[in-house]
Chemist: 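Below you will find the structure I want to go over with you.
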Amino acid sequence: MTERTIRVLDTTLRDGEQTPGVSLTPDEKLEIAVALDKLGVDVIEAGFPITSKGEQEGVRRIAKAGMKAEVSGLARAEKLDIDTAINCGVRGVHVFLGSSDIHLQHKLHLTREQMLKQSADMVAYAKSFGVKVEFSAEDATRTEIPFFKQVVKAVTDAGIDRFDIPDTVGIATPRKMMEYVEAARSVSDAMISVHCHNDYGLATANSLAGIVAGAEQAHLTINGIGERSGNTSLEEFAMGCFNLYGLRTNINYSLLYETSRLVSRLTGVVIQPNKAIVGDNAFGHESGIHTHGVIANPSTYEPFDPATVGRTRWLQAGKHAGRHGIAYQLRGMGLKPKEDSLRLIVEKVKEMGDQGRTITDSDLYQLATQIMGGGKAESAEIVELEGLEVVTGIKRLPSATVKLLIRGQLHEATDVGSGPVDAAVNAIQRIFSTIDIVKLKEYRLEALTGDAQAVADVSVTVEDSAGLTASGRGMKRDIVVASVEAIVSGINALMAKKLQSQPAASFAPTGAQKPIEGV
Ligand code: KIV
Ligand code: ZN
């Protein structure tokens, strides 16, 4: 195992922001930069200052915020770009110029000699401001190796601190990336960096290969956001480096998930559920074989402890489920069915799964209490919906008044929102804000028939301040009522789980959540 520490240049705020449709305000950029600094990245590429006044303000504010990380700005190999970056007060400038024949002939209209001269001149110019200078040979991996080496040599002689190898259109393979790193190393002592794009889904593999070949730094983005199919994802790279290659970074792994959620929320780029490390399903299990294994020993079906990256494991009831998994889930809600009840519950769960239904925590809770109570549903609800009124219209802000009975006590709140559902969600959150923060994490709506009489089937996932989640469902003709019922059922499932994990929680009901049956 080697002692190398790999540096992370985070470009979420520059290449990540180049994701089509993403545009961050200076405030949002600063919020993300603070989180990145806390996460432990070595360089924050805060933006491309020449692009707009707002971008300059964002970069300037980050540069002045006293970050531990080096704050850097991107610049084409042109004086005006470099001046603009420098005027933002950055500690580093990332200068780039295309080096492939495709870029030279069709975009830049430069000869190879002109490219070499302009690169060297602009590196020397940027260096004259006393900042760190990293040079990227854009489209490096489509540049013929002999010319690529000339570029590396020219900018090294001009004084670069770091040389970056961008796989601009994501066409490299791990072997190719290694060849380029070795070629750069053969003519330069400067720090070598790799910058990979994910067009063939190889960005993480290519970046890791570059590191294995001797690169010391990688350009990464949170959640892998970026142009087209994105950049190398920081969370995949950092965990891969450490767990697969024994290479350290300065990343605080336990903050990966919260940073990922923040970036997703502020950029509006949704994380695919099966995304490695930070996707919803990364530590979720449904099949009987897997849940049985994971309950016996998590390492049977998990590559590492989810807590390492700030996450918790969860199990899903469904047609692939088995007895052990369902019993485990029910125990987590305070229910301990006897063998024959458990068998019936599992049978029913599989039946519902065969009908194509996603079984929420509240569905499972209700089903189990019904079977365990001999046919009648056991009411163990802590929170009950007592009343709901919504006012909406074309020229008014929708508002909602929600009345909830919480352990028999009436709570009422009114709030506004972008629509009646949003207003009702806000009113519920307002009620809960004095007790615990309950956030709506996921909302899914399906119509059960295709006409105007359709039943709205709403399933939600709610989350408390400690990151504990539970899913709930509501089905009604009225979409607002269905949504509110789904949230209330999710909150009840959440409270049931919470009581099991911390019995002294402020929600402790008077006995309703005790195990209903069995040991
Ligand atoms: O992908 C790329 O080539 C870039 C450069 C600006 C480094 O993002
Ligand atoms: Zn890029």
Side-chain angles (χ1 to χ4, degrees), residues 7-20 22 41 43-51 55 59 70 72-78 80-82 84-85 90 92-104 106-108 110 115 118-119 122-123 126 132-143 147-148 151-152 155 160-172 176-177 180-181 184 190-204 206-207 210 215 217-234 236-237 267 269:
R7 282 167 50 99
V8 168
L9 179 149
D10 182 279
T11 182
T12 305
L13 296 173
R14 199 280 297 171
D15 224 347
E17 204 198 357
Q18 285 174 219
T19 303
V22 171
V41 308
V43 183
I44 297 173
E45 183 159 85
F48 192 179
I50 195 74
T51 51
E55 183 77 345
V59 175
E70 171 191 313
S72 165
L74 183 71
R76 286 170 300 185
E78 287 173 23
L80 183 60
D81 281 36
I82 296 168
T84 311
V90 292
V93 179
H94 175 192
V95 180
F96 74 100
L97 188 60
S99 58
S100 68
D101 288 338
I102 301 174
H103 277 231
L104 290 176
H106 301 287
K107 187 184 87 169
L108 299 166
L110 291 177
M115 186 273 167
Q118 188 173 329
S119 303
M122 290 305 108
V123 164
K132 292 273 180 208
V133 175
E134 178 154 343
F135 181 85
S136 275
E138 194 187 13
D139 206 17
T141 51
R142 288 194 297 184
T143 305
F147 180 61
F148 169 77
V151 176
V152 183
V155 292
I160 49 160
D161 296 283
R162 308 186 287 259
F163 183 85
D164 176 52
I165 307 173
D167 180 28
T168 303
V169 290
I171 46 76
K176 192 181 189 106
M177 210 62 211
Y180 276 86
V181 170
M191 182 185 291
I192 310 283
S193 191
V194 285
H195 175 115
C196 297
H197 279 270
N198 204 30
D199 299 70
Y200 285 92
L202 287 174
T204 303
N206 288 340
S207 300
Q217 178 179 271
H219 288 200
L220 311 165
T221 62
I222 298 290
N223 302 334
I225 60 170
E227 297 264 13
R228 308 182 308 281
S229 313
N231 291 54
T232 306
S233 125
L234 187 150
E236 290 174 12
F237 177 86
T267 58
V269 180

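On a predicted model such as this, the values are computed, not experimentally measured, just so you know. Counting convention: from 1, in listed order, for ligands and their atoms alike.
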Chemist: Measure from the Zn ion (ligand 2) to each N, O or S atom of His197 and report whether any distance is below 2.8 Å.
Modeler: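 Of the N, O and S atoms in His197, at least one lies under 2.8 Å from the Zn ion (ligand 2), which means yes.
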
Chemist: Should Phe135 and Arg162 count as side-chain neighbours, where that means a heavy-atom distance under 4.5 Å?
Modeler: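 No - every pair of side-chain heavy atoms lies 4.5 Å or more apart.
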
Chemist: Please list, in number order, the atoms of ligand 1 under 4.0 Å from a heavy atom of His197.
Modeler: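 What qualifies from ligand 1 is 1 (O).
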
Chemist: Using the benzene-type ring in the case of Trp, are the ring centres of Tyr180 and Phe163 under 6.0 Å apart?
Modeler: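 Aromatic pair excluded; centres sit 6.0 Å or further apart.
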
Chemist: Taking it one step at a time, do Leu9 and Glu70 satisfy side chain to side chain contact (heavy atoms under 4.5 Å, CB included)?
Modeler: CA-CA 9 Å; Leu9 179 149; Glu70 171 191 313; over 6 Å; no

Chemist: Considering non-hydrogen atoms of the protein only, which is the closest contact for atom 3 (O) of ligand 1, and what is the distance?
Modeler: Thr168 OG1, 2.6 Å

Chemist: Under a 4.5 Å cut-off applied to non-hydrogen side-chain atoms, are Ile165 and Met177 in contact?
Modeler: yes

Chemist: With atoms numbered from 1 as shown, which atoms in ligand 1 lie under 4.0 angstrom from a non-hydrogen atom of His94?
Modeler: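 Reading through ligand 1 atom by atom, the close ones are 7 (C).
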
Chemist: Would you mind naming the N, O or S atom of Asp15 nearest to the Zn ion (ligand 2)?
Modeler: OD2

Chemist: With a 4.0 Å heavy-atom cut-off (strictly under), which part of Arg14 contacts ligand 1: side chain, backbone, both or neither?
Modeler: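 Contact part for Arg14 vs ligand 1: side chain (C-beta onward).
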
Chemist: Could you tell me, atom by atom, which parts of ligand 1 come under 4.0 Å of a heavy atom of Ser136?
Modeler: 7 (C)

Chemist: Looking at side-chain heavy atoms only, is the closest gap between Ser136 and His94 below 4.5 Å?
Modeler: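 Heavy-atom side-chain distance check passes, below 4.5 Å.
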
Chemist: Under the criterion side chain to side chain contact (heavy atoms under 4.5 Å, CB included), I'd like the reasoning laid out for Val194 against Val181: C-alpha separation, chi angles, the key distance, then a yes or no.
Modeler: CA-CA 8 Å; Val194 285; Val181 170; 3.9 Å; yes

Chemist: Taking all atoms of both residues into account, what is the closest heavy-atom pair of Glu138 and Pro166, and its distance?
Modeler: CA-CG, 4.0 Å

Chemist: With heavy atoms under 4.0 Å as the rule, classify the contact between His195 and ligand 1 as side chain, backbone, both or neither.
Modeler: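 Only the side chain of His195 comes within reach of ligand 1.
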
Chemist: Looking at the Zn ion (ligand 2), is one of the N, O or S atoms of Glu227 less than 2.8 Å from it?
Modeler: no

Chemist: Counting only heavy atoms closer than 4.0 Å, does ligand 1 sit against the backbone of Asp15, its side chain, both, or neither?
Modeler: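 Near ligand 1, Asp15 shows its side chain, while the N, CA, C and O stay back.
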
Chemist: Run the numbers for me: atoms of ligand 1, each under 4.0 Å from some heavy atom of Glu138, listed by number.
Modeler: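 The list of qualifying atoms is 3 (O).
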
Chemist: State whether the number of non-hydrogen atoms from other residues, nucleotides or ligands found under 6.0 Å of Phe147 atom CZ is greater than 12.
Modeler: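 Buried by this count: over 12 neighbours within 6.0 Å.
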
